[in-house]
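The block underneath contains the structure these notes are about, expressed in structure tokens.
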Amino acid sequence: MDAAPAGSLPPPRTRPRHRRAEIARNAGELFSVRGFHAVRMDDIAEASGITARALYRHYDNKQALLAHVVREDQQHVIDVITELGERPPGQDDVDARLVALTGAALDSRRLSLLWQREARHLAVDDFRLVRRRTRWIAEQLEELVVRATRGDLDRETADIRGWVTVSIISGPGFYDSALPHARLTQELAEAGKRVIAAPVAAAPVGPVHEADREPNARREQLLHVAAREFRAKGFAGVSIDDIGAGLGIVGPALYRYFDTKADILVAAVSRFHEWLALEADRAMRTPCPDEAVLGLLIEGYVRVAREATDLLAVGLTERLYLPDAARERIDRIQADHVLEWQRWLSVARPDLPDALAATLVRTAKTLVDDCVRIPHLRRYPVLTAELVGAARAVLGLPQA
């Protein structure tokens with residue numbers, strides 16, 4: 001090849017055709033791993049092989065990038081739902097629809113994680129749009145899958161099972177599975193089918209309400225207020241003085257209970273797992289066949305998740321803000337809790353391979369985590385019984 005003439009300019013560099021999409025993909029991965037606040041525009045530019053100045057030609061700011069990532073992942077799922085809804089009746093069955101929807105959700109695996117953990121950082125209009133689309137997705141799954149299979153379900157039960165189905169197919173955004181993509185798609189679709197086909201749970205007799213009582217101990221009051229504030233605004237959006245102000249505690253008096261804001265976060269997350277440990281101990285001490293132990297663990301988990309929802313939510317959404325040592329300790333506790341469920345699942349269903357058992361346990365726990373945090377579902381008297389039944393169905397256990 002002939003050398004370029006002396007003094008000639010190098011050929012102009014062409015901008016990759018898909019640079020904007022590449023930037024969004026890199027940003028989405030960084031947001032998923034590090035969290036929105038910990039990622040800088042410089043980090044995204046470096047991951048994309050461009051300068052920060054060049055990055056701003058594509059996106060005005062980090063908030064706009066997050067909105068684009070979430071909307072694009074949502075759009076992929078919406079496109080599949082729209083295509084399924086336009087097919088003539090009888091062209092496919094519910095099984096095929098559920099597999100298609102599960103595959104679409106797995107292709108947009110980070111969507112659920114980013115929506116639940118980072119949505120509060122979206123601009124108001126973007127947040128409202130994404131929330132409307134999320135509700136639309138759940139409504140469509142209820143119509144295309146739940147009601148298409150179970151026309152006998154009342155409105156509240158069908159609504160719950162629609163959201164449970166959303167959680168099942170999008171849950172892998174919160175956990176890793178050793179199953180290959182095709183196998184995972186099939187197993188999650190089958191788990192969704194078992195939930196939809198489960199018998200209708202019986203609602204408790206009498207009115208269901210949650211008492212609005214506050215503890216008297218100042219430390220406990222601080223934990224309650226902090227969990228509520230962290231859940232609503234995020235750890236980075238709340239100061240320790242904000243927490244104290246909610247109780248009229250200011251200055252040195254606050255530090256009698258906690259040295260730092262991080263200490264409050266650690267205490268809140270640890271408290272949730274302490275309560276789970278108590279429920280697990282209760283299950284171990286309850287006289288019953290070994291095959292029934294997992295059912296008791298499920299009931300205990302749903303009970304704590306419903307009663308300490310703020311603590312649960314903070315552990316899920318603010319984990320990245322825990323100090324390293326505390327995060328490692330909490331991660332070990334969570335892993336041990338999953339292994340405890342897996343141990344008793346292997347007793348009830350010794351036929352299950354370990355990788356599948358681990359995936360089903362994660363799926364069951366995630367559907368509880370997701371649905372107890374949806375405000376309108378909490379008003380349904382049947383929610384607790386439905387979540388217990390859904391978790392049992394995912395795990396392939398007989399209904400109690």
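Every value quoted in this text rests on a predicted model; they were computed, and no experiment measured them.
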Inset, instruction - Write out all pairs satisfying salt bridge (Lys or Arg N to Asp or Glu O under 4.0 Å) with one or both partners inside residues 311-322, taking only residues at least two apart or from two chains. - result: Arg120-Glu318, Arg319-Asp331
Inset, instruction - Sequence neighbours left out, what passes side chain to side chain contact (heavy atoms under 4.5 Å, CB included) with Arg150? Give chain and number order. - result: Asp152, Leu153, Arg161, Ile196, Val200
Inset, instruction - Taking the side chain as every heavy atom from C-beta outward, state whether Arg231 and Thr317 have any pair of such atoms under 4.5 Å apart. - result: no
Inset, instruction - Treat each ILVMFWY residue as a node, draw an edge where side-chain heavy atoms are under 4.5 Å apart, and state whether Val33 and Val70 are in one component. - result: no
Inset, instruction - List in chain and number order the residues that pass side-chain hydrogen bond (donor to acceptor under 3.5 Å, both in side chains) with Arg303, two or more places apart in sequence or in another chain; answer none if no residue qualifies. - result: Glu279
Legend entry - side chain to side chain contact (heavy atoms under 4.5 Å, CB included) involving Ala138 - partner list, sequence neighbours excluded: Trp163, Val166
Inset, instruction - Taking the side chain as every heavy atom from C-beta outward, state whether Val145 and Leu101 have any atom pair closer than 4.5 Å. - result: yes
Inset, instruction - Could you tell me which residues satisfy side chain to side chain contact (heavy atoms under 4.5 Å, CB included) with Glu118, sequence neighbours excluded, listed by chain and number? - result: Phe36, Leu66, Leu114, His121
Inset, instruction - Any ring pair (Phe, Tyr, Trp, His ring centres under 6.0 Å) involving residues 97-117? Give me the pairs, sequence neighbours left out, ordered by first then second residue. - result: Trp115-Phe127
Inset, instruction - Report yes if the side chains of Arg25 and Glu72 come closer than 4.5 Å at any heavy-atom pair, otherwise no. - result: no
Inset, instruction - Would you mind listing every side-chain hydrogen bond (donor to acceptor under 3.5 Å, both in side chains) that reaches into residues 350-361, with sequence neighbours excluded? - result: Ser177-Thr359
Legend entry - Test ring pair (Phe, Tyr, Trp, His ring centres under 6.0 Å) applied to Phe235 - qualifying residues, sequence neighbours left out: Phe230, Tyr321
Legend entry - Under the side chain to side chain contact (heavy atoms under 4.5 Å, CB included) test, residues paired with Glu187 that sit two or more places apart: Leu179, Arg183, Leu356
Legend entry - Hydrophobic cluster (4.5 angstrom, side-chain heavy atoms) - remaining members for Leu113: Phe174
Inset, instruction - Please list, chain by chain and in numerical order, all residues satisfying side-chain hydrogen bond (donor to acceptor under 3.5 Å, both in side chains) with Thr149, sequence neighbours excluded. - result: none
Inset, instruction - If a pair satisfies side-chain hydrogen bond (donor to acceptor under 3.5 Å, both in side chains) and one of its residues is in residues 288-298, list it, with sequence neighbours excluded. - result: none
